[in-house]
Amino acid sequence: MTRLAPRLHDLALGTLPFVLILVAWFLLPHLLDYPSYMLPSLGTVIDRAIGSIEDGSLLENTLASLQRLAIGFIIGNGVAIPLGIAIALNRHVADTLRPVLTFLQSIAGIAWVPLAIIWFGIGQGAVVFVIANTIFFAGIYNTVVGVESIPNTLYRAVRSHGGKGIQIFTELILPGALVQIILGLRTSMAYGWRALVAGEMIAGTNGLGYMSIEAVQWYQTETVILGMILIGILWLILDRLLFVPLEQRTIVRWGLIQR
Amino acid sequence: MTTTQTTDTKIRLDAVRLEYVKEEGRSRHLAVESISLDIRDKEFLVVVGPSGCGKSTLISAIAGFLKPTGGHITMDGREITRPGADRGVVFQEYALLPWKRVIDNVALGLKFKGVPKAERYATARRFLAITNLADAEQKFPHELSGGMKQRAAVARTLANAPEVMLMDEPFAAVDAQTRMTLQEELVRVWEQARLTVLFVTHSVEEAVFLGDRVVVLTPGPGRIKSIVDVSIPRARRNWQEMNQDPEFIRLRDEVLVQVRGQPVAA
Ligand SMILES: Nc1ncnc2c1ncn2[C@@H]1O[C@H](COP(=O)(O)OP(=O)(O)OP(=O)(O)O)[C@@H](O)[C@H]1O
Ligand SMILES: [Mg+2]
């Protein structure tokens with residue numbers, strides 16, 4: 001057996017539900033009677049896709065969304081990971097921050113949109129704030145758990161072989177927490193992606209979420225659906241391109257998780 | 001033959017008392033009651049005692065992970081206050097870093113010391129060869145068998161050139177066959193490395209096979225019950241000979257009586 005055969009098998013299985021959805025979508029107008037603005041045909045959506053690719057609006061909106069996501073992701077995790085490590089390593093930091101974080105966690109994300117609009121106005125600032133906020137809370141506890149779950153004997157092994165200070169951090173704490181940190185990056189990006197779409201719908205001036213909500217005014221349902229499909233596809237690609245290789249190269253290789 | 005043993009004291013335990021303090025209840029658990037013992041320079045000292053008698057606790061204290069609640073532990077006359085590379089610990093659970101290849105695990109202590117890469121790899125390879133792991137240097141720990149992991153852990157400690165190697169039941173988790181091989185290898189490796197070893201085990205056979213002296217602890221809280229000298233020459237320390245060695249059998253039974261409190265048919 002070659003290595004390719006099982007891969008193709010997986011691919012075929014993974015594609016199957018998508019094919020079924022497409023077939024159902026194609027058949028539905030022939031089976032039920034409904035106005036086309038409620039669910040436009042596949043063809044209409046494809047036409048719309050081609051149109052918006054040609055006028056450049058699709059690329060512009062996609063890039064706007066991705067850029068926002070990237071900024072929110074970097075800010076959110078850039079604060080969450082160091083803070084999570086500090087909470088896990090220092091009892092005083094933990095005791096100080098845990099209550100307030102738990103309080104804020106319940107209102108993380110979309111609930112901040114009104115304030116974000118008041119602070120930053122409609123547009124980039126407000127949406128990025130909401131994304132970063134969402135990502136921060138979706139990721140921070142993974143880092144805390146990751147650091148806390150490093151076995152005590154590993155600390156002892158490192159220290160009894162002369163490891164000190166920053167060495168303990170780079171050689172033990174960071175790699176030791178990586179399973180959870182990667183999980184946190186992945187989860188937080190998924191939550192951030194949702195916050196992005198919602199944030200753009202309410203407070204955006206461009207981007208895929210904004211594109212969808214604006215289309216509603218003109219009953220351009222095909223644009224709404226195009227937006228939804230793109231959001232899904234982009235997430236699939238991001239996951240495959242970013243997180244799967246990252247996991248493969250680190251925690252899978254180290255035998256910390258099986259895949 | 002090891003008749004050149006010096007009698008200088010390397011580590012001195014002076015009325016050492018070790019307790020675990022539970023934070024909430026203010027209750028204390030006495031693990032080691034009062035141990036006074038001189039570990040001689042370059043000797044192979046084995047501590048044997050039943051489960052829970054405080055062997056790991058004692059190792060932790062000498063390693064500097066745990067402060068005595070009474071008495072003093074000194075090395076070369078200086079009080080031990082923290083862990084350090086001069087006292088390398090080999091743990092029962094191997095404690096290899098899963099994200100480092102075998103060679104990088106073995107070179108860990110040298111990296112901490114700032115030894116350049118080429119040099120620390122050369123040293124690591126030397127100890128991988130000694131521990132029969134040369135073929136496994138590029139593997140990650142999860143790809144090794146239990147016996148190989150334990151060899152890697154020993155190589156990691158030896159490569160760091162500690163003055164004292166503290167070994168906490170390092171061979172308890174491997175099968176009997178592998179354990180015998182590892183014990184024979186350790187005898188051989190120790191003869192080359194010539195460092196002070198404190199080896200903890202609950203196996204009487206292992207204790208007598210490996211040790212220059214065997215310290216028997218009482219059931220917890222640990223105290224010293226007796227110390228047995230083992231003067232069997234190192235050259236005879238392989239299982240084929242030792243199994244029939246009257247001296248070995250006599251000492252093993254003697255220690256067994258100390259541990260169990262009753263004689264056992266040979
Ligand atoms: N972290 C801890 N907190 C509280 N009590 C502990 C702790 N570790 C060990 N003890 C207790 O101290 C005593 C000695 O434990 P220790 O682990 O030193 O025994 P041991 O001789 O190494 O046993 P074994 O042969 O099973 O490894 C035991 O009664 C144990 O319950
Ligand atoms: Mg123990």
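Letters A, B, ... mirror the listed sequences (proteins, then strands); counts begin at 1.
Contact check for B:F65 versus A:S160: side-chain heavy atoms found under the 4.5 Å cut-off. Put simply, the side chain of A:H161 reaches to within 4.5 Å of the side chain of B:T157, judged on heavy atoms. A heavy-atom distance below 4.5 Å is not found between the side chains of B:W99 and A:I251. A heavy-atom distance below 4.5 Å is found between the side chains of A:R156 and B:S60.
Looking at B:L166, neither its backbone nor its side chain comes within 4.5 Å of chain A, counting heavy atoms on both sides. For B:R101, the part sitting under 4.5 Å from any heavy atom of chain A is the side chain, from C-beta outward, and nothing else. Of the atoms belonging to A:L172, heavy atoms from both backbone and side chain fall under 4.5 Å from chain B.
By the neighbour-count criterion of 12 heavy atoms within 6.0 Å, atom OH of A:Y191 is sparsely surrounded, having that number or fewer from other residues, nucleotides or ligands. The 12-atom threshold is not exceeded at CZ of A:R159, counting heavy atoms of other residues, nucleotides or ligands nearer than 6.0 Å. Atom NZ of B:K113 has more than 12 neighbouring heavy atoms from other residues, nucleotides or ligands inside a 6.0 Å radius. For B:H142, the NE2 atom counts as densely surrounded, since its 6.0 Å shell holds more than 12 non-hydrogen atoms of other residues, nucleotides or ligands.
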Would you please test B:F140 and A:R253 for side chain to side chain contact (heavy atoms under 4.5 Å, CB included) and show each step? CA-CA 8 Å; B:F140 286 96; A:R253 196 176 184 195; 3.8 Å; yes

For the pair A:W254 and B:K100, evaluate side chain to side chain contact (heavy atoms under 4.5 Å, CB included) and give the outcome as yes or no after the intermediate values. CA-CA 8 Å; A:W254 304 338; B:K100 287 188 178 290; over 6 Å; no

Does the side chain to side chain contact (heavy atoms under 4.5 Å, CB included) test come out yes or no for B:L97 and A:V158, once each step is laid out? CA-CA 9 Å; B:L97 302 180; A:V158 164; 4.2 Å; yes

Test side chain to side chain contact (heavy atoms under 4.5 Å, CB included) on B:K111 and A:Q167 and set out the steps. CA-CA 9 Å; B:K111 187 173 189 189; A:Q167 294 170 332; over 6 Å; no

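When all heavy atoms are compared, the tightest approach of B:P98 to A:L154 is CD-CD1, 4.3 Å. Closest heavy-atom contact between B:A95 and A:A157: O-CB, 3.7 Å.
Counting heavy-atom pairs under 4.5 Å between each of B:A153, B:G64, B:G109 and chain A puts B:G109 at the top.
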